[in-house]
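Okay, so here's the structure we're looking at.
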Amino acid sequence: MTQTARPIRISDFTGGEASIFPITRMPPKYSELFQNCHVSERGTVAKIPGYIKVNTTAVAQSLTSGFEFRKTDGTIIILVAGGGKIYKKLITGELSEVHTGLDVNAKVYFIAMNNLCIICNGVNAPLKYDGTTVSALGGTPPSTSYKPHVHKGRVWMLERTNKMLASHSALNNPEDYTTVNDAGYIDFKYVLKTGDELVDIFTYIDLLVFVFRNHIVIYSGTTPSGASSNFVLTQLIEGSGAAGTDTTQGLGTDAVFAYIGGVKSLQQVVSTGNMTQGNVSKLVDPTLTKTIKTALTFASAHYAKYGWYLLMLGSTVYIYSYKWKAWGRITGADILGMFTTADDTLYFVGTGFLYQYDSGWDFAGTEPILHWKTAWLPLSVKGNVEYPSILKMISNPADQTDVIISAAYNLNNVMPDNLQTVTINAENVTYIDSVSAWDSVDPLDEIQYTETRLPLFGSGICMQLGFKNTSSKQVEIADISIETEMGMGI
């Protein structure tokens with residue numbers, strides 16, 4: 001015999017993906033899987049936007065890096081590189097070769113100063129590009145330089161052959177690395193107590209930060225070399241550093257970086273010196289730690305439009321929303337690198353193509369698989385078996401699309417009878433009366449919500465819902481409600 005039990009409602013999805021909780025004690029705002037979806041600005045579960053090809057004709061190389069080269073006269077040149085070649089984007093969107101003959105496996109890095117784009121890859125001698133011609137960078141820079149960075153009027157470079165050295169140019173001269181009392185270097189074998197590998201460099205507010213695998217070294221000042229040097233070692237942090245080059249991103253007044261145990265906030269590390277707490281990635285540390293350990297390639301970007309930090313670890317791109325402090329992931333995309341521009345355009349580079357993100361709802365013609373799996377939801381706090389009977393889903397489809405909904409019980413796999421495909425349609429505003437749970441809808445947000453009802457089968461003391469969509473359509477889920485009937489205790 002059964003009796004009607006309280007409805008179970010999920011309206012707060014803002015936790016994003018989490019793997020830190022015991023499987024039976026994950027709060028319902030978190031999700032076991034947040035694949036190709038994110039927490040929207042309204043706090044709903046929304047499919048991530050897609051990307052389009054910028055160049056319609058593929059180049060032969062796999063592209064792994066890119067850069068927006070802006071000159072003082074307003075000229076903007078988008079550069080991409082990979083497979084030993086450098087290309088620029090034409091007005092038509094096609095890619096035109098500007099340089100070849102580089103090491104085919106070395107990742108190319110760019111930085112701009114004094115109307116020159118400086119190009120390094122750690123294998124070939126550094127180059128410069130003025131918008132017309134690529135030629136050797138003058139001033140005798142280190143021959144194996146990579147990861148160039150501009151800080152307070154100087155170009156800084158890391159080196160592949162001396163992993164404890166950072167060289168810098170003369171003041172306001174990107175082609176002078178030899179002038180005494182102006183150009184120079186910092187040899188960290190005299191700074192660190194143990195050996196390490198310098199993997200990244202960035203500016204944090206007005207400080208210069210050197211990131212090793214197991215140290216973070218922070219300097220203040222404007223003149224690093226010579227008799228008038230005022231460079232001061234402000235902070236030396238041991239026991240924390242980056243897992244690799246290109247994981248560090250500035251996020252306003254903070255910066256984040258991926259290390260072997262997850263993603264950390266530089267502000268937290270600098271202010272407290274505590275290595276054991278304050279991970280930005282705390283909720284997904286078990287997942288990220290495993291992925292970081294095996295990743296062979298890294299890239300990152302800051303996409304301010306959505307408040308995202310994107311971290312590429314091998315074939316998966318993890319998304320951190322610093323508004324919601326929520327994580328998700330992008331899978332199935334052709335992403336080998338990423339970069340943003342001054343106007344906050346996000347570009348991906350991949351197998352022969354430059355892609356522009358946030359356009360459409362597919363990956364350049366490939367339909368992404370959105371897969372959202374909720375936490376395991378307790379149906380009863382008293383150990384009673386409950387029988388879910390009706391699922392109500394309030395969504396905001398922009399077009400007709402199918403969603404596969406699954407229900408699993410008692411930590412078991414989904415049975416075939418508990419897989420249902422439902423078609424959701426964009427509702428005309430005149431049909432908004434079909435929404436019955438008005439407390440989950442903001443009538444002033446100009447969103448045309450629709451409600452989908454479907455029967456549920458099975459029983460248990462806990463359940464997990466799954467939502468999967470493979471399409472080039474927008475999908476957004478705003479509210480979930482489950483009607484249940486209560487059975488006997490177990």
Side-chain angles (χ1 to χ4, degrees), residues 1-13 15 17-18 21-37 44-45 47 369-397 400-425 427 434-441 449-471 473 475-490:
M1 182 176 180
T2 63
Q3 58 182 337
T4 301
R6 60 177 177 82
I8 299 171
R9 181 180 165 203
I10 315 173
S11 57
D12 182 0
F13 314 111
E17 185 172 329
F21 300 102
I23 191 169
T24 57
R25 295 201 297 274
M26 183 186 293
K29 69 179 288 185
Y30 299 104
S31 301
E32 185 176 299
L33 181 64
F34 231 51
Q35 174 182 297
N36 292 328
C37 54
T44 60
V45 176
K47 180 179 178 178
I369 301 174
L370 177 154
H371 196 182
W372 171 40
K373 295 173 71 174
T374 69
W376 282 93
L377 309 171
L379 298 175
S380 170
V381 295
K382 298 181 179 180
N384 293 320
V385 174
E386 302 221 7
Y387 298 79
S389 56
I390 298 292
L391 172 67
K392 297 179 183 179
M393 178 178 70
I394 295 178
S395 60
N396 171 35
Q400 178 176 305
T401 189
D402 290 341
V403 177
I404 299 174
I405 300 178
S406 63
Y409 297 90
N410 295 343
L411 309 183
N412 293 317
N413 293 328
V414 177
M415 301 300 291
D417 289 345
N418 289 327
L419 280 170
Q420 302 182 65
T421 300
V422 298
T423 301
I424 55 177
N425 294 279
E427 293 281 6
S434 63
V435 176
S436 59
W438 276 103
D439 58 342
S440 67
V441 175
Y449 294 98
T450 185
E451 182 180 85
T452 303
R453 296 167 59 93
L454 70 154
L456 291 174
F457 306 96
S459 62
I461 60 175
C462 66
M463 74 179 299
Q464 182 184 58
L465 294 172
F467 301 83
K468 185 179 288 189
N469 170 265
T470 305
S471 74
K473 310 295 184 182
V475 179
E476 182 179 1
I477 300 173
D479 193 271
I480 298 293
S481 181
I482 305 166
E483 295 182 3
T484 68
E485 296 184 349
M486 187 167 56
M488 299 294 292
I490 58 173

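Just so we're clear, the structure is a prediction, and the values are computed from it rather than from any experiment. Side-chain atoms are counted along with the backbone in the values below, which use heavy atoms only and exclude waters and symmetry mates.
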Can you measure from CG (L456) to NZ (K392) and round to the nearest 0.5 angstrom?
-> 12.0 Å
Heavy atoms of V385 and S459 approach each other most closely as CG1-CB, 3.7 Å
Note: F34 and E17 closest approach over all heavy atoms is N-OE1, 3.1 Å
What side chain to side chain donor-acceptor pair (under 3.5 Å) pairs are there with at least one residue in residues 401-414, not counting sequence neighbours?
-> T401-N469, T401-S471, D402-T423
I480 and L465, any side-chain heavy atoms less than 4.5 Å apart = yes
Using only heavy-atom distances, determine whether the side chains of S389 and E485 contain a donor-acceptor pair under 3.5 Å.
-> no
Which heavy-atom pair separates P397 from T450 by the least distance, and what is that distance?
-> CD-CG2, 3.4 Å
OG1 (T421) and CD1 (I404) are apart, to the nearest 0.5 Å, by 4.5 Å
Over all atoms of both residues, closest heavy-atom pair of P388 and I482 = CB-CG2, 3.9 Å
Donor-acceptor contact below 3.5 Å, side chain E483 vs main chain I390 = no
Which pair of non-hydrogen atoms, one from V414 and one from A407, has the smallest distance, and what is that distance?
-> CG1-O, 3.8 Å
Please report the shortest heavy-atom distance between S395 and I424, naming the atom on each side.
-> OG-CD1, 4.1 Å
Is the backbone N or O of P455 less than 3.5 Å from a side-chain atom of Q420, with the two atoms forming a donor-acceptor pair by type?
-> yes
Out of L377, L411, I23, which residue meets the side chain to side chain contact (heavy atoms under 4.5 Å, CB included) rule with C462?
-> L411
Distance, nearest 0.5 Å, that separates CD1 of I477 from CD1 of I405 = 7.0 Å
Hey, what do you get for CD (Q35) to NE2 (H371), rounding to the nearest 0.5 Å?
-> 7.0 Å
Answer yes or no: does atom NZ of K47 have more than 12 heavy-atom neighbours from other residues, nucleotides or ligands under 6.0 Å?
-> yes
Yes or no on side chain to side chain contact (heavy atoms under 4.5 Å, CB included) for W372 and S31, after CA distance, side-chain angles and deciding distance?
-> CA-CA 7 Å; W372 171 40; S31 301; 2.8 Å; yes
Side chain to side chain contact (heavy atoms under 4.5 Å, CB included) partners for T470, two or more places apart | E367, I369
Value rounded to 0.5 Å, distance of CE in M463 from CH2 in W376 = 8.5 Å
Distance col, row E32:CD vs M26:CE, nearest 0.5 angstrom, shows 6.0 Å
